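Data block below; observations after.
As the structure is a computational prediction, the values presented were derived from the model and not from experiment.
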Amino acid sequence: MKRKRFLIQPLALIYLLFMLFCDRSGLAAMSLLAAALHEVGHLAVAWAMHIPIGAMRFDLLGARIEVKGRILSYGEEWLLCVAGPLSSLVFSLIGSFFWSHSKLAIAFSCASLLLGLLNLLPIQTFDGGRMLECALLSFTSPKRTSDVLRGCTFLFLWLLWAFSAYLMIKIADGISLFFFTITLLARFFEGRVPQKEK
């Protein structure tokens, strides 16, 4: 039996459909397009480097590509990770050429820019976190790499949370970023809590 290649978490699908159904301005559709092109960047580099893709998984916090049949070098992994944010930044620039023609072009360009910059943050599970991990593992121990990555993740998650709280207080916006950051912080601390022995 053939393995599924495109897997989406049911809750993520419900959220996505709800967001698109309620989207009267087109902003959610432009954000979705920006996210799709971000992932296309990863897939294009995987294809160019002959990296076989086993599956693509989507959940509420984003997408993950699963490589099948081989272990990537740190350099290959780094290139695969940087491709998404780079793709987002390039599409943001392309979208900016159409700002005078459409509000949707502005929305798409801004969504791509924010997605690209957000993914460059050195946070575990983000492209930037994986890039930092690959860079550190090439010259230091896995333990030291893990410690540095956890410290960076902790620091940048709190900074992201503080920024989202500032947006909510100052301009009454940023609630999505606030809940996104809270979810990431919960996952971060969940990983630190030792499991009870049975």
Rounded to the nearest 0.5 Å, how far does [atom2] of [Y] lie from [atom1] of [X]?
| X | Y | atom1 | atom2 | value |
| --- | --- | --- | --- | --- |
| Phe156 | Gln124 | CZ | CD | 13.5 Å |
| Asn119 | Ser88 | CG | OG | 6.5 Å |
| Ile8 | Asp59 | CD1 | CG | 9.0 Å |
| Leu137 | Ser146 | CG | OG | 9.5 Å |
| Leu184 | Thr153 | CG | OG1 | 9.5 Å |
| Arg64 | Leu7 | CZ | CG | 9.5 Å |

[Y] reachable from [X] in the ILVMFWY side-chain graph, under 4.5 Å edges:
| X | Y | answer |
| --- | --- | --- |
| Leu32 | Tyr15 | yes |
| Val45 | Leu120 | yes |
| Leu159 | Phe126 | yes |
| Tyr74 | Met49 | no |
| Val40 | Trp47 | no |

[Y] backbone acceptor or donor facing [X] side chain under 3.5 Å:
| X | Y | answer |
| --- | --- | --- |
| Ser109 | Gly95 | no |
| Ser96 | Leu93 | yes |
| Ser31 | Leu27 | yes |

Could you list the donor-acceptor pairs under 3.5 angstrom formed between side-chain atoms of residues 77-85 and any protein atom two or more places apart in sequence or on another chain?
from: Glu77; atom 1: OE2; to: Arg130; atom 2: NE; distance (Å): 3.3
from: Glu77; atom 1: OE2; to: Arg130; atom 2: NH2; distance (Å): 2.8

Query raised in the report: Taking all atoms of both residues into account, what is the closest heavy-atom pair of Leu132 and Pro122, and its distance?
Result: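 Nearest heavy atoms, Leu132 then Pro122: CD2-CB, 3.9 Å.
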**Report entry** Heavy-atom pair with the smallest gap, counting every atom of Gly116 and Leu89
**Finding:**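 Answer, listing the atom of Gly116 first, then Leu89: CA-CD2, 4.4 Å.
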Report task. Check whether more than 12 heavy atoms from other residues, nucleotides or ligands sit under 6.0 Å from atom CD1 of Ile71, and answer yes or no. Result ->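 Incorrect, the count does not exceed 12.
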Are the side chains of [X] and [Y] in touch, meaning some heavy atoms are under 4.5 Å apart?
| X | Y | value |
| --- | --- | --- |
| Leu13 | Gln9 | no |
| Leu185 | Trp158 | yes |
| Leu157 | Phe154 | no |
| Leu118 | Leu160 | yes |

Requested in this report: Evaluate side chain to side chain contact (heavy atoms under 4.5 Å, CB included) for Thr125 paired with Arg187, printing each intermediate quantity in order.
Outcome: CA-CA 11 Å; Thr125 73; Arg187 279 197 178 178; over 6 Å; no
Query raised in the report: Between Leu149 and Leu136, does a side chain to side chain contact (heavy atoms under 4.5 Å, CB included) hold up when you go through it step by step?
Result: CA-CA 9 Å; Leu149 191 55; Leu136 291 173; 5.6 Å; no
Requested in this report: Verify salt bridge (charged side-chain N to carboxylate O under 4.0 Å, His left out) between Arg70 and Glu76, making sure each step is shown before the conclusion.
Outcome: CA-CA 11 Å; Arg70 68 182 267 212; Glu76 288 175 321; 2.3 Å; yes
Requested in this report: Could you list the residues that satisfy ring-ring contact (aromatic ring centres under 6.0 Å, His included) with Phe58, not counting sequence neighbours?
Outcome: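 Result, ring-ring contact (aromatic ring centres under 6.0 Å, His included) vs Phe58: Phe6.
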Query - Of all pairs that satisfy salt bridge (charged side-chain N to carboxylate O under 4.0 Å, His left out), the ones with a partner from residues 102-117, not counting sequence neighbours - result: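 Qualifying pairs: none.
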Query raised in the report: Do we see a donor-acceptor contact under 3.5 Å between the side chains of Ser87 and His38?
Result: no
Requested in this report: Let me see the working for Glu39 and Met56 under side chain to side chain contact (heavy atoms under 4.5 Å, CB included), right down to the final yes or no.
Outcome: CA-CA 10 Å; Glu39 297 308 324; Met56 193 157 196; 3.3 Å; yes
Report task. Describe, in one word, how the ring planes of Phe108 and Phe91 are oriented to each other, choosing from parallel (under 30°), tilted (30 to 60°) and perpendicular (over 60°). Result ->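 Phe108 vs Phe91 ring planes: perpendicular.
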